[in-house]
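Proteins come first, then strands; the chains are lettered A, B, ... in the order of their sequence lines, and each starts at number 1.
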Amino acid sequence: MELPKSYIAKEHEAHIYDVWLKSGAFKPSKTGDNFSILMPPPNANESLHVGHALMVTVEDVMIRHARMNGKSTNWVPGTDHAGFETQVVYEKKLQKEDKSRFDFTPEQLRSNIREYVLAQQETILSQIKALGASCNWGELYFTLDQNIIDVAYQTFSKLNKDKLLYRAKRLVNYCVKHGTSFSDLEVEYEDRQGTLTYFKYPIKNENDAFITVATTRPETMLGDTAVAVSPNGKHKSLIGKKAIIPLINREIPIIADDAVLNEYGSGCVKVTPAHSHIDADIATRHKLPTIEVIDNRGKMMGDIPKDLIGVKSAEARAMIVEKLKQLNLVEKEEAINHRIGVCYKCKTPIEVLPIEQWWVSTKPLAKKAIDAIKKNQITITPKESKRNIVAWLENIIDWNISRQIVWGIPIPAWYKKQVAGSREPVLRSELRRAQQGAGSEIKIQVDSPGTGWEQDKDTFDTWFSSTQLPFAALGYPNSEAYKNHFPTSTMETGADILYFWVARMIMMSLYVTGEVPFKHIYLHGLVLDAQGKKMSKSKGNVVDPITLMDQYGTDALRWAVIHGTTAGQNFNMTLDRVIGGRNFANKIWNAARYVLAAGQGTENRENGAVNSEHKALTSSPLGKLDQLDKYDQLDLSIKINQQIISKLQKLIADVNKAFATNQYGFATDLIFDFFWHEFCDKYIEESKTLLKTPQTAPETQKVLLTCITSSLKLLHPFMPFVTETIWQEFESHKLVDEKLLILAKWPNETIGK
RNA sequence: GGAUCCUUAGCUCAGUUGGUUAGAGCGCCUCGUUUACACCGAGGAGGUCAGAGGUUCGAGCCCUCUAGGAUCCACCA
């Protein structure tokens with residue numbers, strides 16, 4: 001059968017993937033050292049983006065390379081319930097239908113989202129397959145699988161027993177739009193225009209004496225419990241006196257604290273411990289009380305002027321400034337550009353609120369992680385990241401793991417119901433407090449302790465359970481996969497979740513299993529658009545990998561994301577890269593067509609690769625030499641042949657070195673350069689002459705075949721489809737011995753010797 | 001403010017432990033199609049490797065400083 005002049009990826013990919021699947025190649029083999037990767041689970045609700053394409057490609061390269069080197073590979077795929085993110089997506093969907101989360105009971109909402117997610121998940125799984133991922137589908141996990149939930153519960157309980165878990169009303173970062181708290185990592189900072197308002201607090205018992213404070217949040221004055229000044233600053237003389245909060249006439253002390261900068265603003269800080277992290281620290285140092293004035297809807301509350309109750313904080317701000325102006329207490333207003341914390345999804349400013357949450361004491365956990373990293377029990381590519389991860393762990397703060405959303409793992413804590421109060425709770429904050437019973441009896445267990453107990457309404461931060469995936473997804477503690485493949489070999493993931501996920505996985509794994517979760521971390525960079533800008537739907541600069549795969553082939557896309565890229569380094573995704581990949585696949589295809597013709601002899605070929613003149617000379621088909629092993633002793637007599645084989649040997653050695661140091665982009669450079677410029681441009685051209693002479697033809701045939709088969713092997717991890725398609729063609733002509741390229745042996749550096 | 005990375009051909013970037021004449025892809029110019037491949041080939045133009053100083057027999061690579069850019073962390077009310 002005549003091979004067409006161009007490689008048409010679409011005609012082969014589905015079939016080839018099927019052949020691999022049926023061969024059992026994706027499963028761990030019975031022999032060989034273990035090599036395992038846990039696939040970072042893509043969100044089940046989204047479809048494949050080019051970042052996933054990068055992730056899947058890099059991991060597939062690692063796995064295929066390990067497999068060809070005789071390892072028993074286990075690449076465990078999964079999808080993520082992605083608690084908050086999915087709930088946001090689902091709420092947007094509800095919004096389009098003119099509904100909101102408040103139209104459902106939590107149980108209804110949870111079951112609706114589950115249904116939606118399980119339906120969505122098929123899309124991303126089929127797209128991962130389309131990328132050629134050679135993962136072990138038999139071990140597919142979903143982060144809400146019962147065994148993963150069980151592990152999360154065991155860990156929660158263990159943390160509690162070890163006194164590393166506590167429930168406390170502490171300041172949390174809260175998005176009033178989404179109605180949930182976040183950990184410190186989930187808060188994003190944005191530059192926003194704001195107004196720094198300077199206003200005067202009268203000094204007690206001193207007529208016409210004032211202290212001026214500057215703030216961007218005048219409404220929080222109602223919750224002030226002190227004014228702080230620099231210990232040796234310009235307001236030193238006021239320390240110890242009392243200031244009076246206007247509008248509510250509450251007396252507060254003037255204190256000295258090192259956190260206050262004499263030079264900034266007015267040199268005085270109003271201290272609102274309920275709504276500012278820094279103020280809370282000051283309050284702790286000076287044992288100041290905490291007065292809440294903003295509730296979890298972002299509205300004013302508490303013992304404040306009646307007209308302000310229930311008013312949104314931003315509106316209250318304007319009202320208060322107006323009132324203060326009327327009292328002549330506003331000194332000046334200054335426009336400033338400042339950074340404020342915002343919800344990373346909706347960009348709503350984060351409110352800092354004191355809320356009862358579950359906290360993990362992270363310091364002791366981090367200590368073990370730091371030790372393991374410093375002792376190189378875990379290594380990192382790029383190695384510069386080691387410093388970052390250690391620094392983050394050293395400065396870690398306690399982790400709020402409660403989220404006020406329904407889509408997630410319910411927290412296995414129970415509260416004794418309070419005796420009904422004088423009135424029904426009205427505000428959601430009151431309701432929650434009543435339900436979760438601040439100060440009431442708490443039991444940590446999965447099942448209800450009995451009547452009169454109510455379960456915590458919150459769910460875990462998705463990262464709390466995700467950080468246990470390296471062992472939980474493998475079936476900890478009793479499964480074969482856990483016993484054989486834990487710790488996993490490499491954690492390949494985005495540099496952007498180094499702290500969110502990677503650092504915390506190390507902590508949790510050492511804590512729960514006593515072992516590191518993986519031996520090596522490989523971080524890939526961000527895929528940017530052609531101009532080097534972050535891709536985002538709102539910018540409309542998102543590159544869709546599916547379209548590219550359809551048009552140029554999966555190998556072209558894989559090539560585009562790995563050729564010329566470096567670990568941890570962002571790169572710009574351009575169409576040129578993909579076209580380059582497509583062209584290279586086609587080059588491989590055509591070189592193979594040439595060798596196939598040269599190798600088979602040409603007697604039956606109308607448009608044979610070698611022209612009719614060669615027919616008689618190459619009619620002794622290489623197909624009879626069906627043991628490639630024989631090429632270990634090529635015993636070459638022709639200089640050109642010796643040269644190309646020696647270059648091939650060097651290539652294999654260099655590529656091995658590149659793999660050993662995780663330089664995949666560099667490996668593709670080496671192979672590309674050899675294949676195109678040495679093998680195709682020079683050697684194939686020279687072989688045309690050699691094939692004309694009976695004395696030189698047979699040896700040249702062997703060398704051609706050796707070069708192409710070795711190149712196909714080296715290229716297979718990167719471009720699995722075109723290489724396997726060609727291999728199957730060679731196999732059908734008995735030019736190669738190994739049935740499947742995916743299971744073929746990685747070439748030896750001494751090939752041909 | 002702290003940290004990391006980057007600055008090499010018009011553009012995007014390689015350059016593996018310092019070692020002859022610094023490379024690739026794309027783009028550009030000339031030529032070429034019964035030739036494995038025009039998704040191609042042959043040839044060519046194009047670089048004081050950001051700047052300055054230092055170490056060295058030798059520096060794109062190591063050290064110091066300067067300038068510009070990116071990212072992460074902290075965050076000032």
Pairwise P distance, rG27(B) and rG41(B) [rounded to whole Å]: 12 Å
Check: Thr362(A) side chain, Ile397(A) main-chain N or O, donor-acceptor pair, under 3.5 Å: yes
Under a 3.5 Å distance rule, please check whether Asp529(A) uses its side chain to pair with a backbone N or O of Val542(A) as donor and acceptor. no
With a non-hydrogen cut-off below 4.0 angstrom, is Asp654(A) in contact with a base, only sugar-phosphate, or nothing? nothing
Nearest heavy-atom neighbours spanning Leu557(A) and Ala53(A): CD2-CB, 4.0 Å
With sequence neighbours excluded, what pairs up with Thr379(A) under the side-chain hydrogen bond (donor to acceptor under 3.5 Å, both in side chains) test? His520(A)
Between rU12(B), rA3(B), rC40(B), which nucleotide gets closest to the side-chain atoms of Asn388(A)? rA3(B)
With sequence neighbours excluded, what pairs up with Thr661(A) under the side-chain hydrogen bond (donor to acceptor under 3.5 Å, both in side chains) test? Gln663(A)
Between rU71(B) and rG32(B), how far is it from one C1' atom to the other, in whole Å? 48 Å
Smallest separation among heavy atoms of Glu13(A) and Phe721(A), with atom names: O-CE2, 3.3 Å
Quantified in whole Å, what is the P atom distance between nucleotide rG54(B) and nucleotide rG10(B)? 29 Å
Is the NZ atom of Lys236(A) crowded by more than 12 outside heavy atoms at less than 6.0 Å? no
How far, in whole Å, is rA22(B) from rC49(B) if one measures between their C1' atoms? 8 Å
Under 3.5 Å, which protein N or O atoms sit close to an N or O of nucleotides 69-71 of chain B? Give each pair with its distance.
none

Quick check: are there more than 12 heavy atoms from other residues, nucleotides or ligands sitting under 6.0 Å from NZ of Lys650(A)? no
How close do His275(A) and Ile294(A) get, counting heavy atoms only, and between which atoms? NE2-N, 3.2 Å
Can you tell me, in whole Å, how much space there is between the C1' of rC65(B) and that of rU20(B)? 32 Å
Regarding the side chain of Glu685(A), the nearest nucleotide among rC37(B), rC5(B), rA14(B) is rC37(B)
Which atoms of nucleotides 73-77 of chain B (N or O only) lie under 3.5 Å from a protein N or O atom, and what are those distances?
| from | atom 1 | to | atom 2 | distance (Å) |
| --- | --- | --- | --- | --- |
| rC75(B) | N3 | Arg339(A) | NE | 3.4 |
| rC75(B) | N4 | Arg339(A) | NE | 2.9 |
| rC76(B) | O2' | Tyr264(A) | OH | 3.4 |
| rA77(B) | OP1 | His338(A) | ND1 | 3.2 |
| rA77(B) | OP2 | Tyr264(A) | OH | 3.0 |
| rA77(B) | O3' | Thr215(A) | OG1 | 2.9 |
| rA77(B) | O3' | Thr216(A) | N | 3.1 |
| rA77(B) | N6 | Leu261(A) | O | 2.7 |
| rA77(B) | N6 | Tyr264(A) | O | 2.7 |
| rA77(B) | N1 | Leu261(A) | N | 3.2 |

Measuring from the side chain of Gln569(A) (C-beta onward, heavy atoms only), which nucleotide among rC5(B), rA24(B), rU12(B) has the closest atom? rC5(B)
Can you list, by residue number, the residues of residues 548-560 of chain A that have a non-hydrogen atom closer than 4.0 angstrom to RNA chain B? none
Would you say a side-chain N or O of Trp676(A) is under 4.0 Å from OP1 or OP2 of rG41(B)? yes
Selection: residues 579-592 of chain A, any non-hydrogen atom under 4.0 Å of RNA chain B: Arg582(A), Asn583(A), Asn586(A), Lys587(A), Asn590(A), Ala591(A)
Can you list, pair by pair, the side-chain donor-acceptor contacts under 3.5 Å of residues 210-221 of chain A, counting residues two or more places apart and other chains?
| from | atom 1 | to | atom 2 | distance (Å) |
| --- | --- | --- | --- | --- |
| Thr212(A) | OG1 | Glu331(A) | OE1 | 2.8 |
| Thr215(A) | OG1 | Arg217(A) | N | 2.9 |
| Arg217(A) | NE | Glu219(A) | OE2 | 2.8 |
| Arg217(A) | NH2 | Glu219(A) | OE2 | 2.9 |
| Arg217(A) | NH2 | Glu351(A) | OE1 | 3.1 |
| Arg217(A) | NH2 | Glu351(A) | OE2 | 3.4 |
| Glu219(A) | OE1 | Arg317(A) | NE | 3.0 |
| Glu219(A) | OE2 | Arg317(A) | NH2 | 3.1 |
| Thr220(A) | OG1 | Arg217(A) | O | 2.7 |
| Thr220(A) | OG1 | Lys270(A) | NZ | 2.6 |

Which side-chain N or O atoms in residues 667-674 of chain A pair as donor and acceptor under 3.5 Å with protein atoms at least two apart or in another chain?
| from | atom 1 | to | atom 2 | distance (Å) |
| --- | --- | --- | --- | --- |
| Thr668(A) | OG1 | His563(A) | ND1 | 2.9 |
| Thr668(A) | OG1 | Gly665(A) | O | 2.6 |

Who pairs with His12(A) by ring pair (Phe, Tyr, Trp, His ring centres under 6.0 Å), at least two apart in sequence or on another chain? Tyr7(A), Trp589(A)
Crowded around Lys10(A) NZ? As in, over 12 foreign heavy atoms under 6.0 Å? no
How far does the P atom of rU66(B) sit from the matching atom of rG2(B), given to the nearest Å? 12 Å
What nucleotide, of rU16(B), rC37(B), rU35(B), holds the atom closest to the side chain of Gln663(A)? rU16(B)
Should His677(A) be listed as having a side-chain N or O under 4.0 Å from OP1 or OP2 of rG41(B)? no
Separation of atom CZ in Arg577(A) from atom C1' in rA24(B), rounded to whole Å: 12 Å
Report the secondary structure of RNA chain B in dot-bracket form, marking unpaired bases with a dot and bases paired to a different strand with |, and treating Watson-Crick or G-U pairs with both distances under 3.5 Å as paired. (((((((..((((.....[...)))).(((((.......))))).....(((((..]....))))))))))))....
Rounded to the nearest angstrom, tell me the gap between atom CG in Asp496(A) and atom P in rC5(B). 19 Å
Measure across Trp399(A) and Ser183(A) and return the closest heavy-atom pair with its distance rounded to 0.1 Å. CD1-CB, 4.0 Å
Counting only side-chain N and O atoms of Lys657(A), is one of them less than 4.0 Å from OP1 or OP2 of rU16(B)? no
Using the C1' atom as the point on both nucleotides, what is the distance between rG47(B) and rC28(B), in whole Å? 16 Å
Determine yes or no for a side-chain-to-main-chain donor-acceptor pair under 3.5 angstrom, with Arg558(A) supplying the side chain and Gly581(A) the backbone. no
Closest non-hydrogen atoms of Ile320(A) and Leu222(A), given as atom of the first, atom of the second and distance, are CD1-CD1, 3.8 Å
Quick one: pull up CD1 in Ile708(A) and OG1 in Thr723(A) and give me the separation to the nearest 0.5 Å. 10.5 Å
From Ser687(A) OG over to Tyr594(A) OH, what is the distance, rounded to the nearest 0.5 angstrom? 2.5 Å
Suppose you measure atom P in rG68(B) against the same atom in rA74(B); what distance do you get, rounded to whole Å? 26 Å
Just compare rC13(B), rU4(B), rA14(B) and give me whichever is closest to any side-chain atom of Phe666(A). rA14(B)
Listed by chain and number, what are the ring pair (Phe, Tyr, Trp, His ring centres under 6.0 Å) partners of Phe718(A), not counting sequence neighbours? Phe659(A)
Polar atoms only, N or O, under 3.5 Å: list the protein pairs with nucleotides 61-64 of chain B and their distances.
none

Do the rings of Trp746(A) and His65(A) sit parallel, tilted or perpendicular, given the 30° and 60° boundaries? perpendicular
Select base, sugar-phosphate, or nothing to describe what Thr566(A) touches, counting heavy atoms under 4.0 Å on all strands. sugar-phosphate
